[in-house]
2 protein chains.
Amino acid sequence: MAPTDDPAVEAWQLLWRLMQANKPRFMALAQEMGLAPMQLHALRLIEPGDGVPMSSLAGKLFCDNSNVTGIVDRLEAQGLVQRRPAEHDRRVKTLVITDTGTKLRGEVERRMSVPPPPLAGLSEEDAVALRDILSRALDV
Amino acid sequence: MAPTDDPAVEAWQLLWRLMQANKPRFMALAQEMGLAPMQLHALRLIEPGDGVPMSSLAGKLFCDNSNVTGIVDRLEAQGLVQRRPAEHDRRVKTLVITDTGTKLRGEVERRMSVPPPPLAGLSEEDAVALRDILSRALDV
DNA sequence: TATTGTTATACTCTATAACTATA
DNA sequence: TATAGTTATAGAGTATAACAATA
């Protein structure tokens with residue numbers, strides 16, 4: 001680790017390392033589910049019930065609308081989501097997750113919610129402290 | 001946040017949210033530097049001085065060797081790194097960062113080391129605790 | 001006029017398989 | 001035979017600009 005005495009900087013470096021270490025796990029899950037990484041990200045953002053406008057999904061994925069068209073095309077081709085015209089504004093298309101999509105998404109959420117080994121190995125006391133600090137950081 | 005009483009699970013969800021929130025900052029930095037995201041990642045992994053074998057870089061980027069060929073092609077075309085045959089094994093090519101690359105990488109490191117707003121806003125006490133907990137988690 | 005989503009285009013990233021040059 | 005890197009190929013993600021439908 002680069003030498004610094006700022007605890008926030010050091011925490012940030014460690015956090016980055018932790019997320020890097022988790023990457024293979026995420027990639028393996030995507031492959032197992034038969035989804036490309038971005039498709040997996042997108043599926044997680046389409047909760048059962050509410051219809052998500054395409055542009056809203058683009059915002060959450062930090063990419064362009066034109067990009068979402070292709071991602072949703074592929075999810076739709078796999079029968080995981082459906083495009084549906086919005087009632088209030090016929091320019092808008094909302095995304096609704098299908099039953100198949102809901103099942104797959106549930107499994108994804110279950111697997112992704114499992115903390116990676118470094119976190120799972122923390123003492124109860126550390127885990128609680130970590131959760132509380134992050135809650136304060138994110139103001140939730 | 002999904003309802004759970006496991007502090008490690010909740011910490012993990014918060015961590016994920018924190019990293020998601022940081023994504024636009026990373027993308028903006030990459031764009032500002034004139035590098036595609038993977039090129040930026042790769043450049044960070046090539047420290048001045050030591051020659052990194054291509055396959056080693058592939059491992060760190062969690063992608064295939066054939067993939068690294070293109071990424072390094074583009075970094076080399078921009079004069080940021082150089083391929084150099086390894087002495088001990090002439091099949092291996094090591095990557096050496098150029099002076100231009102070193103300058104750009106230094107600026108990237110400076111910018112990336114700045115903690116994102118949620119972390120920067122923590123109290124000194126919380127920041128220290130967070131650093132210490134993550135150090136224990138990652139065993140460093 | 002402005003906005004949503006699509007299309008066209010060009011480029012980057014990705015893995016697999018076949019190839020080369022070494023070992 | 002085995003390994004490091006390249007090439008060829010095909011698919012996926014990316015942004016920009018032009019477009020159609022709607023507001």
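Values below: every heavy atom of this structure, side chains too, minus hydrogens, waters and symmetry copies. Residue numbers start from 1 in every chain, and the chains themselves are labelled A, B, ... in the order their sequence lines are given, proteins ahead of strands. Bear in mind the structure is a predicted one, so any value in this text is a computation, not a measurement.
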Rounded to the nearest Å, what distance is computed from the CD atom of residue B/Gln78 to the P atom of nucleotide C/dT12?
9 Å

Is it true that, when you exclude A/Lys103 itself, more than 12 heavy atoms of the residues, nucleotides or ligands shown sit nearer than 6.0 Å to its NZ?
no

Looking for any heavy atom pair under 4.0 Å, which part of the strands does A/Ser55 touch: base, sugar-phosphate only, or nothing?
sugar-phosphate

Applying a 4.0 Å non-hydrogen cut-off, can you work out what B/Asp89 is touching in the nucleic acid: base, sugar-phosphate, or nothing?
sugar-phosphate

Can a cation-pi geometry be assigned to A/Arg44 and B/Trp16, taking NZ or CZ under 6.0 Å from the six-membered ring centre and within 45° of the ring axis?
yes

Do A/Phe62 and A/His41 have ring centroids that are under 6.0 Å from one another?
no

Please work out if B/Asp64 contacts a base, only the sugar-phosphate, or nothing of the nucleic acid, heavy-atom cut-off 4.0 Å.
base

What's the closest nucleotide to the B/Ile71 side chain, out of C/dT14, C/dT4, D/dG5?
C/dT14

Taking only side-chain nitrogens and oxygens of A/Arg91, does any of them come within less than 4.0 Å of OP1 or OP2 of C/dA2?
no

Contacts of B/Glu87 and B/Ala36 projected onto DNA chain C by closest heavy atom; the upstream (5') one is B/Ala36

Using atom CG of B/Leu95 as one end and atom C1' of D/dA4 as the other, report the distance to the nearest whole Å.
12 Å

Rounded to whole angstroms, how far apart are CG on B/Asn67 and C1' on D/dA8?
14 Å

Rounded off to whole Å, could you give me the CD-to-P distance for the B/Gln31 and D/dT14 pair?
13 Å

Starting at the 5' end of DNA chain D and moving along, which residue's nearest nucleotide shows up first, A/Gln39 or A/Ser66?
A/Gln39

